[in-house]
Protein chains: 2
Amino acid sequence: MSDKHNPYVVAPVRKALSVLELVAERAHDVSLATVTRELKIPKTTSFRYLQTLTEAGFLIHDLVNDKYSVGPRFRAIAKADTSLHRLRKLARPHMHALVAEFNETVNLGLMFDGNISYVDIIEANQSLRIQGRVGDRHPLHSTALGKAILAHLPDAQRKLHLARPLALRTSRTLTDVETLERQLRQSLKLGYATETEENDDGATCVGAAVLDDIGYPIAAISLSAPRHRMPRETLAKAGARLAAAAHQISAQIAAA
Amino acid sequence: MSDKHNPYVVAPVRKALSVLELVAERAHDVSLATVTRELKIPKTTSFRYLQTLTEAGFLIHDLVNDKYSVGPRFRAIAKADTSLHRLRKLARPHMHALVAEFNETVNLGLMFDGNISYVDIIEANQSLRIQGRVGDRHPLHSTALGKAILAHLPDAQRKLHLARPLALRTSRTLTDVETLERQLRQSLKLGYATETEENDDGATCVGAAVLDDIGYPIAAISLSAPRHRMPRETLAKAGARLAAAAHQISAQIAAA
DNA sequence: CATGCGCGTTTCGCCAAGCGGAACATGCGT
DNA sequence: ACGCATGTTCCGCTTGGCGAAACGCGCATG
């Protein structure tokens, strides 16, 4: 594509990104005149792109000095991207180790819009396996990922989540808040959460929360297997291993 | 501006940034269909913006899974911005302390395109003071900032810079490479560089390099004063203090 | 103090490119 | 094998992105 002109490129977008790059890479605030001179574009064009990037929050306009610099939206998404990229990077070796040990699918998920969002999945090398998909959303209350996160939330936040209607996913889905709260307290003690056919028939999962440096649950990892491959002892062993892995990931995150 | 429509905003740019935000904030790779659904835009429009952002390097397109994720150009400028922002933030208190102690102007500069670029300046509280401007470019060989950086460059890089024509800024500008090399070696020993009326008539400056964690000079700080306010003892004292400040800034940078 | 210049902002007419719907291509699931 | 969802290509339309010119403002200079 570098030697072939892409007919779908929207030229104003391309040029505005050049303006953003110039401002972000310059060590100091940039004037409209500097943008015009260095990118060799008409000053009304510079003016429009600077206004657009500022309106979108990617730049800020210092009205006193008539200079532009990087804005909060750019920094926010840069930080989001860095955090997520780093979380995945730190978690992956642990997930691979868990798959190697148990030969079951291991998932990394985040809480997003009051649900669990699957961020990364490393699949077991078996024909019969629990198969989530990256990008899928599932409820908090009926997944091991979700329950692990709920267990570590501050009381007020957890109560808010559990106050919402709790969907029946299977006949075994827990929807009684008191029962759930009791289970979550137990999970907090154990260091891992479990769900048995609460989200998908035939599936058992065990999950553990990944915490930030102040103990807030930012993600969770889980291991999923068909129920018959998860006798009580295996579940407890997997739970302990997930808790240890989640703890290591949390420590690595905090060490930055 | 939030309750008033800005007529200069370029709509495609604004919308494309929304696409970039969506992808950067999503914890996993995003499909064209997801962008279309979540931003409620026609799929050909999604397609165009995704192609444009990818062409610009802000996103990458995983052709196997037909998913988009954050690309190298976005990460590069995010990193550049973070680094510069952090450098300024770490340096500022040290610069303020130096101004407080000597009551002369203190500058932070970077090497940029073979010149020194002034990034931040804290001015002395005196009528007669040396007045640079943020954004100004000056030669390496005739400024304390530049000489401090040159002193710490690897031999090959320093030789390349000194091989270029060395402009006469004042009658005292050094242009003989051997003399400069000898002075730079001395600066390396002292921990600071000086220039006396080599860049501006009447001005004396002393500067020290800020190094990264592998010892490469990424920036420099300097103090500028009218020559008569800089007797030999003051110069030496300022030099030692600048060296100490630069060293502390370097350590803070490395501690991340 | 007046003038000129540089910079940023506003206006205006032009035209081409951005837009979006439709059609097409592909791959996957049933 | 068929239907559906997703991604890509095509096409005609219209409107908004463009850039030159004009205007406003502030600063430097004589």
Side-chain angles (χ1 to χ4, degrees), chain A residues 1 4-20 22-23 26 28-56 59-69 123 127 129 131-137, chain B residues 1 4-20 22-23 26 28-56 59-69 127 131-137:
Chain A
M1 203 158 288
K4 186 176 61 125
H5 180 61
N6 184 342
Y8 305 111
V9 165
V10 179
V13 174
R14 189 68 201 271
K15 288 185 280 186
L17 292 174
S18 299
V19 173
L20 177 59
L22 176 68
V23 177
R26 197 51 54 92
H28 49 78
D29 297 7
V30 174
S31 67
L32 184 153
T34 299
V35 172
T36 299
R37 184 167 53 250
E38 298 204 20
L39 297 185
K40 295 181 174 56
I41 58 179
K43 62 183 175 176
T44 29
T45 306
S46 297
F47 180 74
R48 284 196 190 90
Y49 294 149
L50 289 168
Q51 290 289 304
T52 307
L53 290 162
T54 302
E55 183 97 347
L59 297 181
I60 53 179
H61 184 191
D62 174 1
L63 293 163
V64 174
N65 298 309
D66 249 331
K67 296 288 174 64
Y68 294 83
S69 58
E123 287 170 8
S127 302
R129 61 182 182 258
Q131 187 119 350
R133 284 183 306 173
V134 169
D136 280 356
R137 306 283 180 86
Chain B
M1 202 157 292
K4 187 177 65 133
H5 179 62
N6 184 341
Y8 306 112
V9 164
V10 180
V13 174
R14 189 66 201 271
K15 289 186 278 184
L17 293 174
S18 299
V19 173
L20 176 59
L22 176 67
V23 178
R26 198 51 53 92
H28 49 76
D29 297 6
V30 174
S31 68
L32 184 153
T34 299
V35 172
T36 299
R37 185 166 52 248
E38 298 204 22
L39 297 186
K40 294 179 174 58
I41 57 178
K43 61 183 174 175
T44 28
T45 306
S46 296
F47 181 75
R48 282 195 192 89
Y49 293 148
L50 289 167
Q51 290 288 304
T52 308
L53 290 162
T54 301
E55 183 96 348
L59 296 181
I60 53 178
H61 184 191
D62 174 2
L63 292 163
V64 174
N65 299 307
D66 249 331
K67 296 289 174 63
Y68 295 82
S69 57
S127 303
Q131 187 118 351
R133 284 183 309 173
V134 169
D136 281 355
R137 307 282 181 87

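To find a chain, count down the sequence lines: A is the first, B the second, and so on, and within it residues start at 1.
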With the threshold set at under 4.0 Å for non-hydrogen atoms, list the residues of residues 8-18 of chain A touching DNA chain D in residue-number order.
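Going residue by residue through residues 8-18 of chain A, the ones with a heavy atom under 4.0 Å of DNA chain D turn out to be A:Y8, A:P12, A:K15.
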Between [X] and [Y] (side chain of the first, backbone of the second, donor and acceptor by atom type, cut-off under 3.5 Å), is there such a pair?
{"X": "B:T36", "Y": "B:L32", "answer": "yes"}
{"X": "A:S69", "Y": "A:D29", "answer": "no"}
{"X": "A:N65", "Y": "A:K67", "answer": "no"}

Where is the tightest heavy-atom contact between [X] and [Y], given as atom of each residue plus distance?
{"X": "A:V9", "Y": "B:Q51", "result": "CG2-O, 4.5 Å"}
{"X": "B:A16", "Y": "B:L53", "result": "O-CD1, 3.6 Å"}
{"X": "A:V10", "Y": "B:T52", "result": "N-OG1, 2.9 Å"}
{"X": "B:Y49", "Y": "B:P12", "result": "OH-CA, 3.3 Å"}

From [X] atom [atom1] to [Y] atom [atom2], the distance as rounded to the nearest 0.5 Å:
{"X": "B:T54", "Y": "B:L59", "atom1": "OG1", "atom2": "CG", "result": "5.0 Å"}
{"X": "A:D62", "Y": "A:S31", "atom1": "CG", "atom2": "OG", "result": "11.5 Å"}
{"X": "A:T44", "Y": "A:I41", "atom1": "OG1", "atom2": "CD1", "result": "9.0 Å"}
{"X": "A:K40", "Y": "A:S46", "atom1": "NZ", "atom2": "OG", "result": "12.0 Å"}

How many whole angstroms separate atom [atom1] of [X] from atom [atom2] of [N]?
{"X": "B:L32", "N": "C:dG20", "atom1": "CG", "atom2": "C1'", "answer": "14 Å"}
{"X": "B:Q51", "N": "C:dG18", "atom1": "CD", "atom2": "P", "answer": "14 Å"}
{"X": "B:N65", "N": "D:dT6", "atom1": "CG", "atom2": "C1'", "answer": "14 Å"}
{"X": "B:D66", "N": "D:dA5", "atom1": "CG", "atom2": "C1'", "answer": "12 Å"}
{"X": "A:L50", "N": "C:dC7", "atom1": "CG", "atom2": "P", "answer": "14 Å"}
{"X": "B:D62", "N": "D:dG7", "atom1": "CG", "atom2": "C1'", "answer": "14 Å"}
{"X": "B:H61", "N": "D:dT6", "atom1": "NE2", "atom2": "C1'", "answer": "11 Å"}
{"X": "A:R37", "N": "C:dG6", "atom1": "CZ", "atom2": "P", "answer": "11 Å"}

Phosphate-side-chain proximity, A:Y49 and D:dG17, N/O vs OP1/OP2 below 4.0 Å:
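Indeed not, no polar side-chain atom of A:Y49 lies that close.
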Does a distance-only test, which skips hydrogens and angles, find a donor-acceptor pair under 3.5 Å between the side chain of B:R48 and the base of C:dG20?
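Looking at the base of C:dG20, it does pair with a donor or acceptor on the side chain of B:R48 (distance under 3.5 Å).
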Is there, by distance only and without an angle test, a donor paired with an acceptor across the side chain of B:T44 and the base of C:dG20 below 3.5 Å?
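Indeed there is one.
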Once ring-ring contact (aromatic ring centres under 6.0 Å, His included) is applied, do any residues pair with B:H28, and if so which ones, sequence neighbours excluded?
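Listed in chain order: nothing, the list is empty.
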Residue whose closest nucleotide on DNA chain D lies nearer the 5' end, B:A33 versus A:T45:
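Closer to the 5' end of DNA chain D: B:A33.
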Contact class for B:T36 vs. all strands (heavy atom < 4.0 Å): base, sugar-phosphate, or nothing?
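Counting heavy atoms under 4.0 Å across all strands, no contact is made by B:T36.
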All side chain to side chain donor-acceptor pair (under 3.5 Å) counterparts of B:R48, not counting sequence neighbours
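Checked B:R48 against side chain to side chain donor-acceptor pair (under 3.5 Å); zero matches.
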Could you run down the sub-3.5 Å N/O contacts of the protein with nucleotides 13-15 of chain D?
none

Pull out every protein N or O sitting under 3.5 Å from an N or O of nucleotides 23-30 of chain C, one pair per line with the distance.
none

Once you measure the plane-to-plane angle for A:H61 and A:Y68, does it fall in the parallel (<30°), tilted (30-60°) or perpendicular (>60°) bin?
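If you compare the ring of A:H61 with that of A:Y68, the planes turn out parallel.
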End-to-end bend of the helix from C:dC1-D:dG30 to C:dT30-D:dA1 (five-pair axes, 10° rounding)?
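Helix axis angle between the two ends: 40°.
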